[in-house]
Amino acid sequence: MIGTIVRAGLLGLAATVVAAPLARAEVLRVMSGSVSTPLSVPMNRAVVVESESPFAELSIANPGIADISTLSDRSIYVLGKAPGRTTLTLLSADGKLMTNVEVQVTPDIAEFKERLRQVLPGETIEVRTANDGIVLSGTVSSIGTLDRALELAQRYAPGRVSNLMNVGGTQQVMLQVRFAEMQRSVSKNLSASIGIGNSAGSFDAGIGNGSPTGNAAGVAQGGAGLGLNLTRGNFEIGVLLEALESKGMVRTLAEPNLTALSGQEASFLAGGEYPIPVVDDDGSIAIEYKPFGVELAFIPRVIDGDIINLEMSASVSSIDTAVTLQNGGFSVNAFRRRETKTTVEMRDGESFAIAGLLQDDFTDLNSQVPWLGDIPVLGALFRSVEYERQQTELVIIVTPHLVTPTRGEALALPTDRVRIPTEADLFLRGKTTGAAAEVAKQDFTGSYGYVME
């Protein structure tokens, strides 16, 4: 007989658990007429309970949890079928209660532990049973390892797995995002007009695309450009050539940084809120606020070691004063917005260009006086040419870093180098110190974005 025989005081009943192959022996403390020490049976495994005193009848409260059969008048075969608890009752030949045995069927953690060591070698994961489930505890190296351990445990105890594991290593991620945008614009305009008139005011005429109203002299002097005025007695003729060329460049740079715990969402907004009138259900005007500025939201997940999964959205928006909507006495401006939403995976310190935009808008407009504009050479006096080109270049780059906290005095602040100027420095010497002076000293010479001829 395998196991240990425990003798009871009143009935002299002793029961010993004999395990089937690969099953662990269990010891029962039998108490007459009451529940004895619980009997633990692995699911899909069997144990044999033996008694010194013969029994005449036995029953199991829930056959769906454990199945029983008699091998002799002293031996009972108990098979675990499903996780749970039930009661095994033994009766003597005269119909008296010998004992109640609480049978606890638990998941087969022996096989689970073996599979866990094979799938995740080197991980310190402790496995225990609790009621009809599995409890995992210990410290694992990464979130990916934790997920794999939980997925394997679900196969042995579906819906009954308790996770008490901790993830070791650095689990806080700082995300650096860089928005870099260059906008270049060039516009050119060329127009001409001709006027003929009489200085006495009895005759006045004009034609062209410039300013043909008034006398000929007025035609020649209106607008910006080159004017020619000829007078012969009372007869006057004027020619006006107007030309306009403009070039502009806009540089936008934003670098928001944000730190979050692995698996937790963090958001960032540096800007403001713009009031927008809306009509509510009652027909009255209500005010809603739309945020604008630099916005960043992301969820980092440290998968394994220094591999980081990033689910993020980032945007830069500003108020566009060139587009205005008039509605109900309110004036509302439009917004310019550059936004990206994506999920990427990279290692600590690596960078990804997650978004890019190359836009080239070109406009060429030619207007003329019918028939007169088609005359060779002289037709230029009756034509107007407009040329406009806008080019935009936008790149968004993200770089994640695994970070740990540090002491406060080790961090430098932008205000640390600022020294308030004295009245003598400001009014007598004209010196401004601190951050403004440092920005003024930066060199912005060189090419930015597109170089246009």
Side-chain angles (χ1 to χ4, degrees), residues 2-4 6 15-29 35-49 60-68 78-88 100-172 261-264 299-305 307 309:
I2 302 175
T4 305
V6 179
T16 305
V17 176
V18 180
L22 299 179
R24 182 168 53 91
E26 298 287 346
V27 178
L28 296 180
R29 187 180 301 276
V35 179
S36 66
T37 303
L39 171 65
S40 179
V41 182
M43 188 173 62
N44 298 324
R45 298 294 182 94
V47 296
V48 176
V49 179
I60 190 76
N62 189 347
I65 295 179
D67 193 10
I68 59 173
V78 183
L79 173 65
K81 298 175 65 177
R85 292 175 180 266
T86 187
T87 302
L88 172 64
N100 287 323
V101 180
E102 182 177 313
V103 180
Q104 179 180 359
V105 180
T106 60
D108 187 5
I109 63 173
E111 181 183 357
F112 172 60
K113 287 181 178 179
E114 182 180 354
R115 296 293 179 266
L116 200 61
R117 286 192 296 267
Q118 294 174 354
V119 175
L120 302 173
E123 298 291 342
T124 57
I125 301 177
E126 299 180 3
V127 183
R128 298 182 178 88
T129 59
N131 197 2
D132 59 347
I134 295 177
V135 179
L136 302 180
S137 60
T139 302
V140 294
S141 59
S142 66
I143 293 291
T145 301
L146 184 145
D147 293 339
R148 287 192 289 271
L150 292 177
E151 183 181 356
L152 183 60
Q154 289 290 343
R155 295 182 177 272
Y156 288 86
R160 302 184 304 276
V161 179
S162 299
N163 175 28
L164 300 180
M165 294 182 291
N166 297 319
V167 180
T170 302
Q171 295 298 309
Q172 296 185 105
L261 188 66
S262 177
Q264 301 297 318
I299 302 177
R301 294 181 179 88
V302 181
I303 298 177
D304 190 6
I307 300 179
N309 178 280

Restricting to non-hydrogen atoms, name the atom on Ala153 and the atom on Ile134 that form the minimum distance, rounded to 0.1 Å. O-CD1, 4.4 Å
Heavy atoms only: give me the nearest Gly64-Ala82 pair and the separation to one decimal. O-CB, 3.7 Å
Stepwise side chain to side chain contact (heavy atoms under 4.5 Å, CB included) test for Val101 and Val49: CA-CA 10 Å; Val101 180; Val49 179; 6.0 Å; no
Spacing of CG belonging to Leu79 relative to CG belonging to Asn44, to within rounding of 0.5 Å: 7.0 Å
Nearest 0.5 Å, what's the CG-NZ distance between Asp67 and Lys81? 5.0 Å
Surrounding CZ of Arg155 (heavy atoms of other residues, nucleotides or ligands, distance under 6.0 Å), is the total greater than 12? no
Rounded to the nearest 0.5 Å, how far does CD of Gln154 lie from CZ of Arg160? 9.0 Å
May I ask you to test the Val48-Val78 pair for a side-chain heavy-atom distance under 4.5 Å? no
Would you say the side chain of Tyr156 lies within less than 4.5 Å of the side chain of Glu111, judging by non-hydrogen atoms? yes
Leu146 CG to Asn163 CG distance, which is reported to the nearest 0.5 Å: 4.5 Å
Evaluate Leu152 against Leu116 for side chain to side chain contact (heavy atoms under 4.5 Å, CB included), listing each step before the verdict. CA-CA 8 Å; Leu152 183 60; Leu116 200 61; 3.8 Å; yes
Show your working on side chain to side chain contact (heavy atoms under 4.5 Å, CB included) between Phe112 and Leu136 and close with a plain yes or no. CA-CA 11 Å; Phe112 172 60; Leu136 302 180; 3.6 Å; yes
Heavy-atom nearest pair, Val47 first then Ser40, reads CG1-O, 4.5 Å
Starting at CG of Asp147, measure out to CE of Met165 and round the result to the nearest 0.5 Å. 8.5 Å
OG1/Thr86 to CD1/Ile60 distance, rounded to the nearest 0.5 angstrom? 4.0 Å
Under 3.5 Å, side chain of Thr87 to main-chain N/O of Ala61, donor-acceptor pair present? no
Give the minimum heavy-atom separation between Met43 and Pro83, together with the two atoms involved. SD-CD, 3.3 Å
Smallest heavy-atom separation, Val105 atom then Pro42 atom, equals CG1-C, 4.5 Å
